Protein chains: 2
Amino acid sequence: MNRALPVEPLADPVPTASSFAAVFARLKPHMAALDAFLREQVAAFEPEIREMADYCIDTSGKRIRPALVFLSGWQGEGEVPAELVRAAAVVELVHLATLVHDDIMDEAELRRSRETAARKFGPVTAVLLGDALFAQALSLAAQFPTTEVCAHVSESTRRVCAGEIVQTMRRRSARISREDYWRIIDLKTAELFRVSCFLGARLSGAPAAHVQASAEFGRHLGIAYQIYDDLVDFFGDESRIGKTLGTDFASGKLTLPLLVLIESLAADERAALLAEINGQRPVQMARRLEQMQELRVFEKVAAEVQAEIEAAERALAPWPQAAATPLLGGLCGVLRAQVAGLRHS
Amino acid sequence: MNRALPVEPLADPVPTASSFAAVFARLKPHMAALDAFLREQVAAFEPEIREMADYCIDTSGKRIRPALVFLSGWQGEGEVPAELVRAAAVVELVHLATLVHDDIMDEAELRRSRETAARKFGPVTAVLLGDALFAQALSLAAQFPTTEVCAHVSESTRRVCAGEIVQTMRRRSARISREDYWRIIDLKTAELFRVSCFLGARLSGAPAAHVQASAEFGRHLGIAYQIYDDLVDFFGDESRIGKTLGTDFASGKLTLPLLVLIESLAADERAALLAEINGQRPVQMARRLEQMQELRVFEKVAAEVQAEIEAAERALAPWPQAAATPLLGGLCGVLRAQVAGLRHS
């Protein structure tokens, strides 16, 4: 292992929030370049829709996918390669487009403390605006010298949509296996994480096997991240995450914490919970949280996050000397810290 | 002019329906290849959404955009170049995606006598399914040797969406100028016609100036086609077009026939009509049709279609020897015949 860098994920299973800051501090020039680049993209939209596009391309997001592009394509402190900025913009625009469409479907009113596009411009315009963001992402992807970025990003986009379709069809269904759950989050979330890490490594000229490993890392990190996000819906701090707990549960979305609870409950209680999921009975959030506590659901789900993070780290283990490896490992540390933070919140 | 081919658009200003058959008969092997190719594309979708994708890629459409690709890239009777089939599939998939999204917004129940995707799978799934069709179109576009097709198709897609956004924002607004109308239909309809003719000519190896002319032809034909389509909403034969007349009018869409009527009416009647468009008064379809008859609105709008068809023909005039020229001219004849058919229906 390359020990020259301060981030040592394997040696530090529960890092503090400072590791988050350490990883993201290094990306400051990259994120500044990305923001400037995204702002420039607004000019590519037709004048009539420029203001709306500008509203959607807000710069307050977490920018996780761009961070993955930059870290997996890391070429040294302060180096901000133009092709990484463009690739980061492509994946972020695809992500923003999916958010615009998600918010229509969820009838969400706020996203990052601002009105959603669906709320501000109406659902009809939001459908079209999301489409225009997708189109602009692919238009940017077509600015690379070969069709490779277009090919990968369009395939990924289709897979993300497929995952969301499956999730939508399974709403209020209690017949979801762990395999179904993994398949859905692999498509809807891990796919864009995967392609971000693929593109970063590929565009920085890494050898094919390393590019493959980087993609595999992204995929497992994406799965881990989504499971963490599903944990937040039950164990998060409402004031910090800015939304009511249990919204997934109330909307009939069967996520891993509920799956584990179902597996752990006795038959009669299980039947009652299934009726809450499929909408036949009102959701009893407090009671279910108590049962989760009692049956150690948090610990069981956190162990799954941990297993996926370890799978991600294993993918990169053969490349300890690569500049990207300790940085991506640092991200794993950040996610571990966030899971640990939930437990103690 | 090359007179070797039987279709002579300029010599036959009002051709009969037989010219339609003549043009499309030549495209039989192309359309068969396209249908087979589109069916194969279904396999590219994730297994969970394959059946839905198959439903959307129905083969009953008019296939106007693929016809433009094939005709503008014409290389001789019976020749079906694989790259034209792929390009035709790309533009048709983009078109099908826009239809899936349009039908959500219009709350349409039927499309080509079948339930719309929005009706069959629900609006949420239809949003995502349209996205997946867009993504698959771009994935196909990325199979060309260079990024050119991706670049043009993604730009066109963004422009189509922009046009539809502008149209949506202007619904129920009576303050639309002829310039606004032309701008909207240029984006929402003519753009895909344009890129279809561009790609056909480009992929068949035409010289740059001819490719440009072909694109210009497509653009004017697309504008002409949309104006014709807007005429149909007032002067079509309900039993033949399979929908109620005046649906655009009733939904507050200000199209050219209404614009011309507004221009021709006296002040008090004009105010009444504007109130019908902006939804303050119920639509008086019979009365407005009578006024259109009286004030020769059909003739005035048909003259605009004619002017755009002539502009299309002029674009190709410098290339009389090109194999595509008489065929595309034949399409102009078809459109002229359709407009004439409306008047006599």
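As the structure is a prediction and not an experimental result, all values here were calculated from the model. Every chain is numbered from 1 and lettered A, B, ... according to where its sequence line falls, protein lines coming before strand lines.
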Measure A:P123 against the heavy atoms of chain B and call it side chain, backbone, both or neither at under 4.5 Å. neither
Please list, one pair per line, the donor and acceptor atoms closer than 3.5 Å that link side chains of residues 43-52 of chain B to other protein atoms, with sequence neighbours excluded.
{"residue": "B:E46", "atom": "OE1", "partner": "A:R158", "partner atom": "NE", "Å": "3.1"}
{"residue": "B:E46", "atom": "OE2", "partner": "A:R158", "partner atom": "NH2", "Å": "2.9"}
{"residue": "B:E48", "atom": "OE1", "partner": "A:R183", "partner atom": "NH2", "Å": "2.9"}
{"residue": "B:E48", "atom": "OE2", "partner": "A:R183", "partner atom": "NE", "Å": "2.6"}
{"residue": "B:E48", "atom": "OE2", "partner": "A:R183", "partner atom": "NH2", "Å": "3.4"}
{"residue": "B:R50", "atom": "NE", "partner": "B:F45", "partner atom": "O", "Å": "2.9"}
{"residue": "B:R50", "atom": "NH2", "partner": "B:A43", "partner atom": "O", "Å": "3.3"}
{"residue": "B:R50", "atom": "NH2", "partner": "B:F45", "partner atom": "O", "Å": "3.1"}

Engaged part of A:L140 at the chain B interface, taking heavy atoms whose separation is under 4.5 Å: neither
side-chain contact (heavy atoms from CB on, under 4.5 Å), paired with A:D131, selected from B:V127, B:T157, B:T98, B:D131: B:D131
Has B:R65 got more than 12 heavy atoms of other residues, nucleotides or ligands less than 6.0 Å from its CZ? yes
Distance-only donor-acceptor pairs under 3.5 Å for side chains of residues 162-170 of chain A, two or more places apart:
{"residue": "A:Q167", "atom": "OE1", "partner": "A:K188", "partner atom": "NZ", "Å": "2.8"}
{"residue": "A:T168", "atom": "OG1", "partner": "A:E164", "partner atom": "O", "Å": "2.7"}
{"residue": "A:R170", "atom": "NH1", "partner": "A:D180", "partner atom": "OD2", "Å": "3.3"}

Using a 4.5 angstrom heavy-atom cutoff, name the option from A:L138, A:V160, A:V153, A:V94 with the most pairs to chain B. A:L138
Please look at B:L129 and chain A and tell me whether the side chain, the backbone, both or neither of the residue comes under 4.5 angstrom of a heavy atom of that chain. both
For residues B:S154 and A:S139, report the shortest heavy-atom separation together with the two atoms involved. OG-CA, 3.1 Å
Flag if over 12 foreign heavy atoms under 6.0 Å of CD, A:E216: yes
SG (A:C161) and CD (B:Q136) are apart, to the nearest 0.5 Å, by 11.0 Å
Note: B:C150 and A:C150 closest approach over all heavy atoms is SG-SG, 3.3 Å
